[in-house]
Protein chains: 2
Amino acid sequence: MTAQRRVVAEVLGGEHVHFTADEVLERATARLPEISRATVYNTLGELVSLGEVIEVATDGRAKRYDPNAHHPHQHLICSGCGAIRDVHPGGDPLAELPASERFGFTVSGVEVTYRGLCPDCARA
Amino acid sequence: MTAQRRVVAEVLGGEHVHFTADEVLERATARLPEISRATVYNTLGELVSLGEVIEVATDGRAKRYDPNAHHPHQHLICSGCGAIRDVHPGGDPLAELPASERFGFTVSGVEVTYRGLCPDCARA
DNA sequence: GTATTGACTTGGACTTCGTCCATCGTAGGA
DNA sequence: TCCTACGATGGACGAAGTCCAAGTCAATAC
């Protein structure tokens, strides 16, 4: 655990943040000015493979990193401004995929992404 | 309808292809050697906004284009090789999101992406 | 105490994917 | 025939992310 890794982990400390790698870098730089971009990417990658952080792909734009990895949830993304909210739909989407629709795949997970407009963007 | 657009539409003619923009360009070039990358992107963008083709974001890599836009379906993606299959789960994921979890958003759609390993990658 | 080792970090080059823009060509109308 | 406008072209550009050689640092070995 180096200072750099601690800073990256701290930046992702909140439960409800969804930062891009650049935003993480920006905030990490504020605390540790000499941290490099490669280190931020390396550390984020490790946190993801440790299962501490979830990568959220938001359609062409930069990936976002979600530290709320221990509570299963899905995402609701605003098509206007890109804002993300964690949501908790009912039902188990994995159970909805019958074996006949699995084509021999070993299915390990499922992501559900709701899209729409947030109240601010809907008004505009 | 120009020759270039016809070629792009033809390349996406099959019901079960999921090409990247580069693969579309490659196949279009085979039929019309002087077609340019910008034209392929323009045409794909128009097909998407016409609702004839769906954009599939596959996790950091290049977007894929799915001509099977008129039959609602979801995707099963191999984490190993990136292969995509169309799948048809039961249930309606939109209905699973109660109003209390919508945070005032105008929810317009939902994507469900199953992830796993295809038989070939699982064997390796 | 010094040398060695290995893990981590750095910064810059590089790649990939995609967009933008000035210019060119061509088909159809005046 | 000439004009006009739309679409195509290709090259420059930009964002996001990866790679790599070199540097730093701490722990272990001698």
Side-chain angles (χ1 to χ4, degrees), chain A residues 1-12 17-50 52-66 75 77 79-84 113, chain B residues 1-12 17-50 52-66 75 77 79-84 113:
Chain A
M1 173 62 80
T2 64
Q4 288 83 353
R5 295 188 184 197
R6 188 163 9 88
V7 165
V8 170
E10 280 172 15
V11 166
L12 286 174
V17 298
H18 299 91
F19 291 144
T20 64
D22 258 16
E23 287 165 347
V24 173
L25 173 59
E26 187 184 316
R27 284 164 174 75
T29 302
R31 306 187 194 197
L32 192 63
E34 70 276 21
I35 197 170
S36 84
R37 205 151 54 94
T39 298
V40 169
Y41 275 104
N42 284 343
T43 306
L44 287 173
E46 279 164 32
L47 289 171
V48 168
S49 59
L50 286 173
E52 294 294 321
V53 164
I54 293 172
E55 245 180 29
V56 186
T58 66
D59 202 45
R61 301 191 224 176
K63 290 177 198 163
R64 290 176 178 273
Y65 293 87
D66 181 349
H75 292 109
I77 301 185
S79 308
C81 62
I84 304 185
T113 304
Chain B
M1 174 62 79
T2 65
Q4 288 82 352
R5 297 188 183 196
R6 187 162 11 86
V7 165
V8 170
E10 281 171 15
V11 166
L12 286 174
V17 298
H18 298 92
F19 291 145
T20 64
D22 258 17
E23 287 166 349
V24 173
L25 173 59
E26 186 185 317
R27 284 165 173 75
T29 301
R31 306 188 193 196
L32 193 63
E34 69 277 20
I35 198 170
S36 83
R37 207 150 53 95
T39 298
V40 170
Y41 275 105
N42 286 342
T43 307
L44 288 174
E46 279 163 32
L47 290 171
V48 169
S49 58
L50 287 173
E52 295 294 322
V53 164
I54 293 173
E55 246 180 28
V56 186
T58 66
D59 202 46
R61 301 192 226 177
K63 288 178 198 163
R64 291 175 177 274
Y65 293 87
D66 180 350
H75 292 110
I77 301 185
S79 309
C81 62
I84 303 186
T113 305

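Proteins get letters first, then strands, A, B, ... in listed order; numbering begins at 1 in each. None of the values given here were measured: they were computed from a predicted structure.
To the nearest angstrom, C1' of C:dC8 lies 14 Å from CZ of A:Arg6. Taking atom CE of residue A:Met1 and atom C1' of nucleotide C:dA7, one finds them 15 Å apart after rounding to whole Å. Computed from coordinates, the A:Asp22 CG to D:dG17 C1' distance equals 10 Å when rounded to whole Å.
We find the CD1-OG1 distance between A:Ile35 and A:Thr43 to be 6.5 Å, quoted to the nearest 0.5 Å.
Nearest heavy-atom pair across B:Tyr65 and B:Thr20 is CD1-C, 4.4 Å. Listed here is the closest heavy atom pair of B:Glu46 and B:Arg5: OE1-NH1, 2.7 Å. Across A:Phe19 and A:Val24, no two heavy atoms sit closer than the pair CB-CG2, 3.7 Å. Across every non-hydrogen atom of B:Glu10 and B:Arg31, the tightest pair is OE1-NH1, 2.9 Å.
OP1 or OP2 of D:dG17 has at least one side-chain nitrogen or oxygen of A:Tyr41 nearer than 4.0 Å.
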Distances for protein N/O vs nucleotides 7-11 of chain D N/O pairs under 3.5 angstrom?
unit_1	atom_1	unit_2	atom_2	d
D:dA8	OP1	B:Thr2	OG1	2.5
D:dA8	OP2	B:Arg5	NE	3.4
D:dA8	OP2	B:Arg5	NH2	3.2
D:dA8	O3'	B:Gln4	NE2	3.0
D:dT9	OP1	B:Gln4	NE2	3.4
D:dT9	OP1	B:Glu34	O	2.7
D:dT9	OP2	B:Ser36	N	2.9
D:dT9	OP2	B:Thr39	OG1	3.0

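Considering only side-chain atoms of A:Lys63, the nucleotide from C:dG18, D:dG17, C:dC17 that sits closest is D:dG17.
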Legend entry - Chi angles and distances behind the side-chain contact (heavy atoms from CB on, under 4.5 Å) call for A:Val17, A:Glu23: CA-CA 11 Å; A:Val17 298; A:Glu23 287 165 347; over 6 Å; no
